[in-house]
2 protein chains.
Amino acid sequence: MSVRYRHARPALTVDCVVFGLDQRDLKVLLIERALEPFAGQWALPGGFVRIDETVEQAARRELQEETGLDKVYLEQLYTFGDLDRDPRERVVSVAYYALVRLAANTAQANTDARKAEWFALNRMPSLAFDHDRIFRVAYERLQNKVCYQPIGFELLPKKFTLSQLQQLYEIILGQELDKRNFRKKMLGMNVLVETDEYEQGVAHRAARLYRFHKTKYQELLKRGFHFEV
Amino acid sequence: MSVRYRHARPALTVDCVVFGLDQRDLKVLLIERALEPFAGQWALPGGFVRIDETVEQAARRELQEETGLDKVYLEQLYTFGDLDRDPRERVVSVAYYALVRLAANTAQANTDARKAEWFALNRMPSLAFDHDRIFRVAYERLQNKVCYQPIGFELLPKKFTLSQLQQLYEIILGQELDKRNFRKKMLGMNVLVETDEYEQGVAHRAARLYRFHKTKYQELLKRGFHFEV
DNA sequence: AATGATAGTGTAATAATTACACTATCTAAA
DNA sequence: TTTAGATAGTGTAATTATTACACTATCATT
């Protein structure tokens, strides 16, 4: 049950930077390593690409196995191919980033045998391997991406208020936005549909719930869109 | 001289989409395959990642070996990890795209043993493996990229006229641009420096030559920039 | 009934983008 | 030497997008 090759081959792995929105915090899902190297340290979920699965399948499988997450928004980030990434042997890793609706998924994440935990971005421990670097690249990409593709929706519940959406942008971009201008711009993009529902159980005027319109969203992607920060 | 692994590993390769500007045509550099599979067909330059080189080093080495190109602008594009990319075995490929000053490099490209040839984008043959797809992704990326990072300079000679620059944008984007607005925008970005030289040997008023200013270019990258199309 | 909290709304000033046409300068040919 | 042909180089007015900014509405709780 082993394989021979003419030349040495790098091991091929995937690593996932999973972002989730928890109330007012953007968080990242980390796994505590059980084994050496870096035993006891936190790392990004990930693992080896099997010979009979695509690289994206590998990323989804590892996410499912290590964190219980399923059917998340997943996008390839970058491939990290330096020589000394893993002390044991040469490992090339294809990194992905994922956006999940944290409220709906958080329970599952901790039922798994391995210890998985959500960390707020400013409370993250230092990570195993070169995962700090991978995380930074992912966060930069996310900040960039929300400015020209409205993927932020993937982090919110299906129905959300405009204030929630604005908060999300403020958290991701790390800056305050003007309420009226934000609404004007978002509604003008024509991807939001107002429902006739309102938020529940708040001690103030209830905000209208919106959802995002898949078809119009596809059109927007083709047209392109730019959200100035 | 062979290696054993516990589990089968995908082979890891790099492929490069090399863009060059030839007068008024955007071209891509292709290699004619000598061996099966796809012997005689055209393919992107590329090859295996060795165990003692980074993935980017592998891309640069293959470019050098197969096309003679050296010190080009090179950027990682995407990693293609489907199962059936190569009929012989499982191969995962990290694709890069390169921008070169064609005039300065075209000679070298053909001195190599293997047959390398520049093809205008609309005269390209169908390619081996999934290289058509890789090419399409690269071209889309290039079209996107020139709109928010002025990487187009990498395709022009060190000193160029504003008309050459405009033509380049028109070719890449596939649409005509207004001369006055283009100049206003480009000069307003503050990355061009006018030299006191003029183009030579043209049968009309000679245009002033410009070059691009590295430091200001770095600033621009940080600030961000958006070139509407 | 009053308080506290957030929802929801419009306008004027400024900046960016667009559309558009003529004169200047050079070479080559007559 | 004159003319024709080719491209360089320049400005403005109209339109559109972006910004800055403050008050009233509604609901739950006390």
Side-chain angles (χ1 to χ4, degrees), chain A residues 21 23-24 146-148 150 156-157 159-171 173-211 220 223-229, chain B residues 21 23-25 146-148 150 156-157 159-171 173-212 220 223-229:
Chain A
L21 186 73
Q23 307 285 69
R24 319 223 149 173
V146 292
C147 289
Y148 63 93
L156 290 175
K159 291 172 185 169
F160 49 85
T161 69
L162 290 178
S163 293
Q164 283 178 301
L165 186 60
Q166 181 175 345
Q167 262 179 41
L168 172 64
Y169 271 80
E170 289 177 339
I171 290 166
L173 299 175
Q175 71 189 256
E176 301 213 328
L177 302 172
D178 179 88
K179 182 157 71 159
R180 278 172 293 190
N181 294 341
F182 180 84
R183 284 168 187 235
K184 208 189 308 173
K185 187 137 193 173
M186 271 297 160
L187 293 172
M189 280 171 16
N190 221 27
V191 282
L192 297 185
V193 188
E194 62 174 41
T195 68
D196 44 14
E197 292 168 72
Y198 291 82
E199 85 191 304
Q200 299 283 323
V202 286
H204 55 78
R205 178 173 173 183
R208 186 187 283 276
L209 296 175
Y210 288 76
R211 56 193 178 73
L220 186 68
R223 271 206 315 281
F225 123 85
H226 197 71
F227 189 87
E228 291 295 337
V229 290
Chain B
L21 185 74
Q23 305 285 71
R24 318 224 151 173
D25 279 325
V146 292
C147 290
Y148 62 92
L156 290 175
K159 291 172 185 170
F160 49 85
T161 70
L162 290 178
S163 293
Q164 284 178 300
L165 186 60
Q166 180 175 345
Q167 262 179 38
L168 172 65
Y169 271 80
E170 289 177 338
I171 290 165
L173 298 174
Q175 70 190 259
E176 300 212 329
L177 301 172
D178 179 88
K179 182 157 72 158
R180 278 173 292 190
N181 294 341
F182 180 83
R183 284 166 186 236
K184 208 188 308 173
K185 188 136 192 175
M186 272 297 161
L187 294 173
M189 280 171 17
N190 221 26
V191 283
L192 297 185
V193 189
E194 63 174 41
T195 69
D196 44 12
E197 292 167 72
Y198 292 81
E199 89 193 298
Q200 300 282 323
V202 286
H204 54 78
R205 178 172 174 181
R208 186 186 283 276
L209 296 175
Y210 288 76
R211 55 193 177 74
F212 94 106
L220 188 67
R223 271 204 317 280
F225 126 84
H226 197 70
F227 190 86
E228 291 295 337
V229 289

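Note that this is a predicted model, so its numbers are computed, not measured. We use all heavy atoms of the structure for the numbers below, so side chains are in, but hydrogens, waters and symmetry mates are not.
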Can you check the B:Tyr198 OH to D:dA6 P distance for me, whole Å? 23 Å
Roughly, in whole Å, what's the span from CE in B:Met189 to P in C:dT17? 12 Å
By the 4.0 Å heavy-atom rule, please label B:Lys184 as base, sugar-phosphate, or nothing. base
Less than 4.5 Å apart, any side-chain heavy atom of A:Val146 and any of A:Leu168? no
Measure CD/A:Gln167 against C1'/C:dT6 and give the value in whole Å, please. 11 Å
Comparing B:Gln164 with B:Arg180, nearest DNA chain D nucleotide closer to 5' gives the residue B:Gln164
Do B:Pro157 and B:Leu209 touch side chain to side chain, with heavy atoms closer than 4.5 Å? no
Going by heavy atoms in the side chains, are B:Arg180 and B:Arg183 under 4.5 Å from each other? no
Interatomic distance, A:Glu176 CD vs D:dC21 P [rounded to whole Å]: 13 Å
For residues A:Pro150 and A:Tyr169, determine if any side-chain heavy atom of one lies less than 4.5 Å from a side-chain heavy atom of the other. yes
Where protein sits on nucleotides 22-30 of chain C, one letter per nucleotide: B base, S sugar-phosphate only, - none, heavy atoms under 4.0 Å: --BBBSS--
Rounded to the nearest angstrom, tell me the gap between atom CZ in A:Phe160 and atom C1' in C:dA7. 16 Å
Quick one: A:Leu162 CG to C:dT6 C1', roughly how many Å, whole number? 13 Å
Using whole Å, what does the distance between atom C1' of nucleotide D:dT7 and atom CD of B:Glu199 come to? 8 Å
In whole Å, what is the span from the CZ atom of A:Arg208 to the C1' atom of D:dC27? 16 Å
Any side-chain heavy-atom pair of B:Arg24 and B:Glu170 under 4.5 Å: no
Considering every strand and a 4.0 Å limit on heavy-atom distances, what is the contact class for A:Arg183: base, sugar-phosphate, or nothing? base
Are the side chains of B:Leu156 and B:Tyr210 in touch, meaning some heavy atoms are under 4.5 Å apart? no
Take atom CZ in B:Arg211; do more than 12 heavy atoms of anything else shown fall under 6.0 Å from it? no
Look at B:Ser163 and D:dA8 and indicate whether a side-chain polar atom (N or O) is within less than 4.0 Å of OP1 or OP2. yes
